[in-house]
Amino acid sequence: METPVCTSSRWSTAALGAHAGLSSPELSALVEHLRLCRGSAGRLFALRCLLETLNGFVAARFVTTLVTLALLIGVSAQVR
């Protein structure tokens with residue numbers, strides 16, 4: 001038994017074969033939406049972003065971070 005080969009695509013986009021770009025009203029609505037989202041994030045949004053970035057950095061280097069903290073604690077104990 002042979003499996004039929006489909007040569008045409010079975011999906012389509014809302015663009016219906018045309019270039020799927022943003023129109024000017026869509027782009028301005030997107031910019032306004034992003035502005036509202038950023039404004040509703042609150043005063044601590046930048047701090048939260050910084051902490052998420054720092055968490056990602058530390059989590060990827062967990063063992064190295066532990067060794068570095070142990071060395072810093074050891075050095076600070078020797079200084080006193």
J.: Flag the pair L54 / L50 as yes when at least one side-chain heavy-atom distance between them is below 4.5 Å, and no otherwise.
T.: no
J.: Please say yes or no: joined through hydrophobic side-chain contacts below 4.5 Å, possibly via intermediate residues, are L51 and L44 part of one cluster?
T.: yes
J.: Hey, what do you get for CD (E26) to CG (L30), rounding to the nearest 0.5 Å?
T.: 9.5 Å
J.: Please report the interatomic distance OG(S28) to CZ(R35), rounded to the nearest 0.5 Å.
T.: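 Between atom OG of S28 and atom CZ of R35 there are 10.0 Å.
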J.: Once rounded to the nearest 0.5 Å, what's the spacing between atom CD of E52 and atom CG of L47?
T.: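 Going from the CD atom of E52 to the CG atom of L47 covers 10.0 Å.
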J.: Can you spot which of V63, V67, L69 makes a side chain to side chain contact (heavy atoms under 4.5 Å, CB included) with T65?
T.: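 For T65, the side chain to side chain contact (heavy atoms under 4.5 Å, CB included) test succeeds with only one of V63, V67, L69, which is L69.
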